[in-house]
Protein chains: 4
Amino acid sequence: MTGGRRRSETSRLAILDAARDLLLEGGYEQLTIDAIAGRAGVGKQTIYRWWGSKGAVVADAALEGGLAQPLTPLPDTGDIETDLRRWLRAWTEHLTTAQGTGLILALTAATADDHTVADVLFERFTQPHEQLLRDRLERARGAGQLASDAPVPTIASVLIGSLLYRVLTRQAPPTVDDADLVVRLVLGGAG
Amino acid sequence: MTGGRRRSETSRLAILDAARDLLLEGGYEQLTIDAIAGRAGVGKQTIYRWWGSKGAVVADAALEGGLAQPLTPLPDTGDIETDLRRWLRAWTEHLTTAQGTGLILALTAATADDHTVADVLFERFTQPHEQLLRDRLERARGAGQLASDAPVPTIASVLIGSLLYRVLTRQAPPTVDDADLVVRLVLGGAG
Amino acid sequence: MTGGRRRSETSRLAILDAARDLLLEGGYEQLTIDAIAGRAGVGKQTIYRWWGSKGAVVADAALEGGLAQPLTPLPDTGDIETDLRRWLRAWTEHLTTAQGTGLILALTAATADDHTVADVLFERFTQPHEQLLRDRLERARGAGQLASDAPVPTIASVLIGSLLYRVLTRQAPPTVDDADLVVRLVLGGAG
Amino acid sequence: MTGGRRRSETSRLAILDAARDLLLEGGYEQLTIDAIAGRAGVGKQTIYRWWGSKGAVVADAALEGGLAQPLTPLPDTGDIETDLRRWLRAWTEHLTTAQGTGLILALTAATADDHTVADVLFERFTQPHEQLLRDRLERARGAGQLASDAPVPTIASVLIGSLLYRVLTRQAPPTVDDADLVVRLVLGGAG
DNA sequence: GCATAAACGAGACGGTACGTCGTGTCTTTGA
DNA sequence: TCAAAGACACGACGTACCGTCTCGTTTATGC
């Protein structure tokens, strides 16, 4: 057996685009496979052939659909405080947009809902972003800007966690001032 | 006219108990209104009469069903580091249990799903716990254990956020060592 | 045993009126106990205390609510054909009104639905009307206007059945010409 | 695009069979869509996709499920009285069975309940049977066995109406003697 | 009169069935 | 051989009524 039609890249992109658009329009709860298929002009089977569940599509849409911040290394101006500020402010602003908020809420819902999605997202979204953060922190430690025993993973998780908390409480959107305070706190301590 | 049968406290409790048990057995995704009603020996309408959504029931079950940590003030041994450690360790351990993990995942899913639930939970769950934490921190500042310009709200949100992040990534359960590192970082800074 | 409040005639009438009105507005299917109670300004229990089922209320409403033709003996002009015509035309015209059609459809639905209702209605509605018809026919036989072996019960049931058929097929409302033809047929035969 | 799975004949028949069986077991009131779906091993949506209401399913079950008398022309022995007797006796006996009684009660309830069902049943059940009866009567008239001005439609409706009346009053099942009397009356008159 | 007690309105209760929606699978036709 | 279209079995949804069960409140005796 040789032949057979190849996977349609057009359909793949149409599905991810549809998922992203629907996600931003109505949130994770409104998002259905039927709606994705309809919007994308695609059969449901085409979705199930390549993704195992709604969460998997959402995860892919988040990763490829341009919803998230691009996965680029943190700037290195030589000053860790400046760079962390810049990073945290950028995320803070991103999460202030409807797009950013919707993304995180959807991913969080998907994560809380489905263990396999949690794993995929961690591996391909959270982990890489955290890694970039750690890389910059490690470089700072090498440069003597952080204490030699500074707990880099802890710092990274605290920075991300503070963002998460702001979004999930949904009370007030995080501000750049909050971001600066967090950086200040993490670097300087409260004592 | 004032008549009409009064709300059944028995049913109310049976519903919250059933919701809690099913949550711990199968997670938020397995939790259905039908199952709650069946387990509680109650008509579905009795649930819908008093709660607007699954999330609202879960929120109530968390608050009244003994799922969450009791809302007691942080101890005050006089040493803020000891007390924060104790608090964060207690939560960390609580979140290590199936009960605690299930609770937070369910509440997070409910939060991400439904804005009204998010508000209720913030007001009656997150906010009060955060307030207790802030109270202790303020007292520490008053006692000179924290810098006079220490950003108490930021400290509180960072402590909670770090917990949240650990649970949601679902990779490894948070450990007491992590807790200690976070407290250390927040009090002493990384610089 | 001493006192005790007496049955409220006001409520009884309000219930029957409400049932009748709702029946004419929406048919038997739309008719619910809740709606009757609401419209009558009455508790549901007051209905269940005195009637056993929806059908029983409907039967009573039909009998007392002025929905049906009054139960008066057929006129006796001395000519049986004239009198039967008059009787059948009156019913035909009654069944042409929305009220009459609604009544029969509702009673038929109730009859087909519920055996006990069928019995009550037969005993207090169908039977008495049929009896009046038979009485007149017997008198006609006595007067020699019908053959001495004329099957009076059969004639009666055929006259009523023809009405029923017209209403139930719901195609065209019965006309007075139809009525006359039926009387003619029954008295004169087709042979 | 023309694709798409075709309607499942297996499911269609299973639904009609289940409806028929449940009808005979418990009557129209006991018949529920859930029960039909369960018995037929079919999703409820498959029922709602093709029928609009319970009545519509019952109507179809009656028409296709072998509940009704087969739609065959009346015999023509040359003697109209014999043939009408045979026809009316056959129906009378059919309506004496649990199956026949259940059928007519169900169809009547459906008819009284739902106008659209009434139309379908009239067109596909009542009308055709009445037409066969009329055909035979017309032939008799042509053969001089009926008066040349005999009101054939009236005769047909009277014959059917008498049957209907017997079944709906539910008092005593109709007998073959009743049938003979009706035929005699219609052909010979009571005068 | 004043206790007794039944009927009243209101409306929550445990249930059953409703008709709809979404899931993930299966089948058909067309490219 | 893949893809669209869409029917399928399944199961949860949220609603409507059912008939029963408290709740106070009202109204009639009869002690």
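The sequence lines fix the lettering, A, B, ..., with proteins before strands; numbering per chain opens at 1. Please read all numbers here as calculations on a predicted model, not as lab measurements.
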When the distance from [atom1] of [X] to [atom2] of [N] is rounded to whole Å, what number comes out?
X       : N      : atom1 : atom2 : answer
B:Ile15 : E:dC13 : CD1   : C1'   : 10 Å
A:Ile47 : F:dC2  : CD1   : P     : 17 Å
C:Ile33 : F:dT20 : CD1   : P     : 11 Å
B:Glu9  : E:dA12 : CD    : P     : 15 Å
B:Asp34 : E:dG14 : CG    : P     : 15 Å

Counting only side-chain heavy atoms from C-beta out, which of [options] sits nearest to [X]?
X       : options                : result
D:Lys54 : E:dC18, E:dA7, E:dG14  : E:dC18
A:Tyr48 : F:dC17, E:dT20, E:dT25 : E:dT25
A:Gln45 : F:dG24, F:dC18, E:dC26 : E:dC26
D:Thr32 : E:dC8, E:dA17, F:dG19  : E:dA17
B:Ser11 : F:dC8, F:dC18, E:dG14  : E:dG14
C:Arg5  : E:dG24, E:dG19, E:dA6  : E:dA6
C:Thr46 : E:dA7, E:dG9, E:dC18   : E:dG9

Can you work out whether A:Ala35 or C:Gly41 has the more 5'-proximal nearest nucleotide on DNA chain E?
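Closest to the 5' end, via its nearest nucleotide, is C:Gly41.
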In terms of the nearest nucleotide of DNA chain E, which residue is placed more toward the 5' end: B:Ala37 or B:Arg6?
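Nearest nucleotide further toward 5': that of B:Arg6.
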Derivation and outcome, side chain to side chain contact (heavy atoms under 4.5 Å, CB included), residues B:Trp50 and B:Arg12:
CA-CA 9 Å; B:Trp50 303 109; B:Arg12 202 187 121 259; over 6 Å; no
No-H, no-angle donor-acceptor pair, A:Lys44 side chain to E:dG24 base, under 3.5 Å:
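Answer is yes: a donor-acceptor pair is held.
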Can any side-chain N or O of B:Lys44 pair as donor or acceptor with the backbone N or O of B:Ile33 at less than 3.5 Å?
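Not a single qualifying donor-acceptor pair exists.
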Tell me if a side-chain donor or acceptor on C:Arg6 pairs with a main-chain N or O of C:Gly4 at a distance below 3.5 Å.
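Indeed, once roles are kept as given, a pair shorter than 3.5 Å links the two residues.
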Starting at OG1 of D:Thr108, measure out to CG of D:Leu168 and round the result to the nearest 0.5 Å.
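Here the interatomic distance stands at 5.0 Å.
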In Å, rounded to the nearest 0.5 Å, how long is the span from CZ of C:Arg39 to CG of C:Asp21?
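If I round to the nearest 0.5 Å, the distance is 5.5 Å.
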Does D:Trp51 reach a base, just sugar-phosphate, or nothing at all? Heavy atoms under 4.0 Å.
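Nothing, no heavy atom under 4.0 Å.
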Less than 4.0 angstrom between a side-chain N/O of C:Arg49 and OP1 or OP2 of E:dC8, yes or no?
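Answer is yes, contact under 4.0 Å.
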OP1 or OP2 of E:dG11 under 4.0 Å from side-chain N/O of B:Trp50
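Checking B:Trp50 against E:dG11: no side-chain N or O falls below 4.0 Å of OP1 or OP2.
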Need to verify one output field. Residue with the more 5' nearest nucleotide on DNA chain F, D:Arg12 or C:Leu31?
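Per heavy-atom nearest nucleotide, the more 5' residue is D:Arg12.
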In terms of the nearest nucleotide of DNA chain F, which residue is placed more toward the 5' end: D:Arg7 or A:Gly43?
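The residue mapped nearer the 5' terminus is A:Gly43.
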